[in-house]
Amino acid sequence: MSAEKITLTLPDGSAREFPAGATPLEVARTIGERLAKAAVAGEIDGAIVDLRAPIRRSGKFRVLTPRDPEAGVVIRHSAEHVLADAVERLFPGTIIDAGRQDHAEKFQYDFRFPRGFTPEDLEKIEQEMARIVKEARPFERKVVTRTQAAAIFKNRKEEIKLVRLADIPEGDEITVFQHGEFVDLCRGPHVQRTDQIGAFKLIDTSGAYFKGDERNEMLQRIYGTAFATRDELDAYFAKIEEARRRDHRRLGKDLDLFSFSPLAPASPFFHPKGALVYNQLLAFMRSLYVKYGYQEVITPQLFDAELWKTSGHYFHYKENMFFSEVDEHEFGLKPMNCPSHCVLFGVHAHSYRELPLRIADFGRLHRYERSGVVQGLTRVRSFCQDDAHIFCMPSQIGQEVSSLFDMMFEVYGTFGFSEPVIYLSTKPEKAMGDPALWESSEAQLEKCLKERGVPYTVNAGDGAFYGPKIDFVVHDAIGREWQLGTIQLDWNLPERFKLAYVGEDGGEQRPVMLHRAVLGSVERFFAVMLEHFAGDLPLWLAPEQARVLPVSDKFLDAARAVKSRLVAAGLRADVDERSEKLGAKIRDGELGKVPVLLIVGAREAEAGGASVRVRHRGDLGSKTLDEIVAAMTTTTKQRALNPWPEAQ
RNA sequence: GCUGGCGUAGCUCAACUGGUAGAGCAGCGGAUUUGUAAUCCGCAGGUUACGGGUUCGAGUCCCAUCGCCAGCUCCA
């Protein structure tokens, strides 16, 4: 064993031999004492490993120091242990559970504590953590047997840890990490000493179910974050602040787009301006429906429970539906459009020549969402989707999915979202239908993805109850992920509704159904888009595209004439008729995020034009009305992101 | 639904340990006639979310309800 050697390739390209089982720390020492001292973790072939964990195989190796962004997760993970240590010091007898899996941004620890932690508690805990950090306690890593681990935690009366220990699969290596008095069951990796945690801050507390299961006891959770430096910590909070500034609930109120009332919880009221934006989104999708061959329909809201029994929603989705009783019949508000489209498909006899039949519906949907989960426009009880169902022959699935990819990319590109990341979600636990059908459906979607040649990730068990799906996730202007479009393959509903078309051979065939939405929920998309643009909507979406600002009341008539001209050209414009100073009107226009401000004074009134001021870009000088109308019309028609052509 | 926090004028926020609600902006009226991010003066605006309770007295303390926020769980 001791004779075995491994080869590590260092970042400078050099390869060195080490005895198998050498630790990253030992390797770091051979490179340089200062590096070893600064080290927070090792990295082998891209995987972060603890400095004290023996390396058993050859690979690309490097030492991570606080300067490497990758070191953050190790620092946060270590700060997590310091948090638990501080809580144990301040509140002896507190039973600790476990930390966080994902340390990309935050750390957390769950505690069994008789009450919620208060802000004062957090302050004290932070101070205690600062003390522990300053003490520069070394982290020690120990490999222990199951019995030894059990003894440690039994001795410490950490009963939850014993449950966690029992969850570790037989045969896995069990490690504990200790710094000072504090010991925890942990895989690591951790920094060398607590003082390598450069800057940290506790963020918030909340309740959290043990093992994330609501049938279990609720523990008290503390969240925090940590970075190598104060600057990084500050940048993190600046990012949070930026997200707050963009919060669609804030913008919706400020820009008078929508509101909520306790009389209709979680159901938005779109104000005139908001409704205008909303309808522009629908108009955009309708224009694509022409291009991609869809037919739009309008279907009922309320259906006899029989429909939901046939579709399976009555058995798989009932807890999310609103029901009421009429004429001694149970009726349910639709949470999805698919069953009514199946009814619609069944109205006529269909020939294979008509397929694929693409049926679109902006029908209002109602879903009961538990009171604790609703949030702004992103999670509501009343909404609509840019929904469509494609009835086609099995042989047409490939071309339909391919065409959907084109549509998705076209839509997301229009808003300037990143190239979507694609996920394939497979059979969930609560699934309907023949497992063999599921398998072949999943295989078909996978085949489409491969043929298209796009990278994707499999999300096992995340499919809809009636079929597997492909999801599209985009990143917004500040890098946050949003799941938008979805394509779901469904053999079940056509079967349950006994849908059929007459095939080439004259025999009855069963169509397959594709459920798809590009924006997803229009309400949710509205929120995502608003935050993405920080309220600065592109011209085609702006409720008020231009505002005419007379320099003084003397030019009111000239200003009204400019507005009339724009309105006649199909643009949305208004006049600021208040007898305010120009500066005030400009300020209000900018704050109101109006894309184009048109200033009319003596010079412009005489020349018959206006001085153009573009949002966030300032004064572009005087233009004729023809130029202004032409520029704005073009930008609107093109659905350009920029409110005014760049070259001007 | 669960844990914790919050709810004062249209908006943003004040009101020490319980002592009888106040400011800015917005609105309205008037003056001003303005050239690229806030003109001045005045007026009006609140059963302090809602319903109980404790108290001589409740925005403030207690209970219940509704809603909102951060999480948990769930999800478009």
Side-chain angles (χ1 to χ4, degrees), chain A residues 106 108 110 113 115-119 121-122 203-223 244 247 249-250 253-254 256 259-266 317 319-320 335-336 365 367-381 383-387 462 464 469 471-472 482-486 488 515 517-528 549-556 578-592 597-604 611-622:
Chain A
K106 288 189 234 182
Q108 72 189 36
D110 292 352
F113 196 64
R115 56 177 175 83
F117 290 101
T118 64
D121 292 335
L122 282 196
I203 299 171
D204 205 2
T205 59
S206 83
Y209 300 106
F210 178 54
K211 290 188 188 178
D213 188 328
E214 64 183 336
R215 290 165 301 194
N216 290 342
E217 69 169 311
M218 184 164 269
L219 304 171
Q220 296 300 325
R221 175 172 295 177
I222 298 178
Y223 290 92
R244 208 193 314 277
D247 190 318
R249 292 165 297 191
R250 164 97 269 132
K253 200 181 259 183
D254 289 351
D256 196 20
S259 63
F260 290 88
S261 159
L263 296 172
Y317 207 72
E319 66 277 17
N320 281 299
M336 297 183 193
L365 307 177
R367 295 185 188 174
Y368 170 72
E369 300 286 357
R370 295 156 110 204
S371 63
V373 307
V374 298
Q375 201 223 24
L377 288 180
T378 58
R379 193 79 182 275
V380 292
R381 287 179 178 164
F383 63 105
C384 89
Q385 296 175 318
D386 62 323
D387 199 11
D462 213 27
K469 59 178 184 169
D471 288 327
F472 293 74
W482 299 97
Q483 202 238 287
L484 299 177
T486 178
Q488 305 172 357
H515 307 240
V518 184
L519 306 180
S521 147
V522 179
E523 275 69 7
R524 211 182 92 130
F525 185 84
F526 194 110
V528 171
L549 313 182
V551 168
S552 81
D553 292 357
K554 287 179 213 151
F555 310 108
L556 257 177
R578 299 171 306 161
S579 70
E580 287 287 352
K581 287 170 69 172
L582 182 62
K585 294 179 189 177
I586 287 173
R587 179 184 150 84
D588 291 339
E590 289 276 352
L591 290 177
L597 298 177
L598 298 173
I599 292 143
V600 178
R603 298 193 294 270
E604 294 82 0
S611 172
V612 177
R613 187 188 160 104
V614 174
R615 184 180 58 202
H616 304 325
R617 237 163 102 187
D619 191 4
L620 299 189
S622 276

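Each chain gets a letter, A, B and so on, in the order its sequence line appears, and its residues count up from 1.
The side chain of A:E590 lies closest to B:A37 when the candidates are B:A37, B:A76, B:U34. When distances run from any side-chain atom of A:S552 to the nucleotides B:U34, B:A76, B:A38, the shortest one goes to B:U34. Of the candidate nucleotides B:G71, B:G1, B:G35, B:G1 has the atom lying nearest to any side-chain atom of A:S371. Side-chain atoms of A:V373 lie closest to B:C74 of the nucleotides B:G35, B:C68, B:C74. If you check B:U34, B:U12, B:U36 against the side chain of A:K253, the one that comes closest is B:U12. Side-chain atoms of A:M218 lie closest to B:C2 of the nucleotides B:U34, B:C2, B:U33. With B:G35, B:G71, B:C74 as the choices, the nucleotide that has an atom nearest any side-chain atom of A:R379 turns out to be B:C74. You'll find that the side chain of A:V551 is closest to B:G35, out of B:G67, B:G35, B:A37. Listed candidates were B:A76, B:G1, B:U3. Nearest to the side chain of A:Y368 is B:G1. The side chain of A:D204 approaches B:A70 more closely than any other nucleotide in the set B:U3, B:G35, B:A70.
At the heavy-atom level, A:K585 lies nowhere under 4.0 Å from the strands shown. Note on A:E217: nothing from the nucleic acid sits closer than 4.0 angstrom, heavy atoms only. Across all strands shown, A:T205 has no heavy atoms under 4.0 Å from either base or sugar-phosphate atoms. A:G583 comes within 4.0 angstrom of sugar-phosphate atoms only, judged by non-hydrogen atoms across all strands, and of no base. Counting any heavy atom pair closer than 4.0 Å across all strands shown, A:L591 reaches a base atom. Among the atoms of the strands shown, base atoms are found under 4.0 Å from some heavy atom of A:S611. Residue contacts for A:Q220: at a heavy-atom cut-off of 4.0 Å it reaches the sugar-phosphate backbone alone, with no base atom in range. No engagement by A:A517 is indicated, since no non-hydrogen atom pair under 4.0 Å with the nucleic acid exists.
A 4.5 Å side-chain heavy-atom check between A:Y317 and A:M336 finds at least one atom pair inside the cut-off. Taking 4.5 Å as the limit, some side-chain heavy atom of A:R381 sits within range of a side-chain heavy atom of A:S371. Between A:Q385 and A:L365 the shortest side-chain heavy-atom distance falls below 4.5 Å. In this structure the side chain of A:L591 never reaches within 4.5 angstrom of the side chain of A:D254, judged on heavy atoms. Taking 4.5 Å as the limit, every side-chain heavy atom of A:R613 sits out of range of all side-chain heavy atoms of A:L549. Using a 4.5 Å cut-off on side-chain heavy atoms (C-beta onward), A:L598 and A:V612 make contact. A:R524 has its side chain within reach of A:Q483: a pair of non-hydrogen atoms, C-beta onward, lies under 4.5 Å apart. Within the 4.5 Å cutoff, the side chain of A:P550 has heavy atoms near those of the A:K585 side chain.
In RNA chain B, stems built from 3 or more consecutive Watson-Crick or G-U wobble pairs, each with both distances under 3.5 Å, span B:1-7 with B:66-72, B:10-13 with B:22-25, B:27-31 with B:39-43, B:51-53 with B:61-63.
As rounded to whole Å, 13 Å separates atom C1' of B:A37 from atom CG of A:D619. Distance, A:E319 CD to B:U73 C1': 13 Å, rounded to whole Å. Rounded to a whole Å, the CD atom of A:Q375 is 5 Å from the P atom of B:A70. Atom CG in A:L219 sits about 14 Å away from atom C1' in B:G4, given to the nearest Å. We find that NZ of A:K581 is positioned 5 Å from P of B:U39, with the value rounded to whole Å. Rounded to a whole Å, the CD atom of A:Q385 is 15 Å from the P atom of B:C75. Between the CZ atom of A:F210 and the P atom of B:U73 there is a distance of 13 Å, rounded to whole Å. The nearest whole Å value for the distance from the CD atom in A:E369 to the P atom in B:G67 is 14 Å.
Nearer to the 5' terminus of RNA chain B, by closest-nucleotide assignment, is the contact made by A:V612 (compared with the other of A:T486 and A:V612). Residue order along RNA chain B, read from the 5' end via each residue's closest nucleotide, puts A:F260 first among A:F260 and A:R524.
OP1 or OP2 of B:U34 sits under 4.0 Å from a side-chain N or O of A:K554. In this structure, A:K211 does not reach the B:C72 phosphate: none of its side-chain N or O atoms is under 4.0 Å from OP1 or OP2. Here A:R249 reaches the OP1 or OP2 of B:C69: one of its side-chain N or O atoms lies under 4.0 Å away. Contact annotation: A:R250 side-chain N/O to B:U12 OP1/OP2 distance is under 4.0 Å.
Going from the P atom of B:G4 to that of B:G10 covers 32 Å, rounded to whole Å. The same atom, P, is picked in B:A58 and in B:A49; the two are 15 Å apart, to the nearest Å. For the P atoms, the distance from B:U60 to B:A9 is 15 Å, rounded to whole Å. Comparing the P positions of B:A14 and B:C41 gives an interatomic distance of 26 Å, to the nearest angstrom. Rounded to a whole angstrom, the distance from the C1' atom of B:G1 to that of B:U48 is 30 Å. Only the C1' atoms considered, B:G45 is 9 Å distant from B:G27, to the nearest whole Å. Nucleotides B:C13 and B:G18 are separated by 22 Å at their C1' atoms, to the nearest Å. One P atom belongs to B:U17, the other to B:C62, and the distance between them is 14 Å to the nearest Å.
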**Prompt:** Checking side chain to side chain contact (heavy atoms under 4.5 Å, CB included) for the pair A:H616/A:E590: CA distance, chi angles, key distance, verdict?
**Reply:** CA-CA 8 Å; A:H616 304 325; A:E590 289 276 352; 3.9 Å; yes
**Request:** Determine, stepwise, if the pair A:M218 / A:S206 fulfils side chain to side chain contact (heavy atoms under 4.5 Å, CB included).
**Result:** CA-CA 10 Å; A:M218 184 164 269; A:S206 83; over 6 Å; no
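Look at A:F383 and the base of B:A76; the rings stack, centres closer than 5.5 Å and planes less than 30° apart.
A donor-acceptor contact under 3.5 Å is not formed by the side chain of A:R221 with the base of B:C72. With hydrogens and angles ignored, a donor-acceptor pair closer than 3.5 Å exists between the side chain of A:S579 and the base of B:U32. The base of B:G1 is paired with the side chain of A:Y209 by a donor and an acceptor separated by under 3.5 Å. A donor and an acceptor atom never sit less than 3.5 Å apart when one is taken from the side chain of A:R587 and the other from the base of B:U36.
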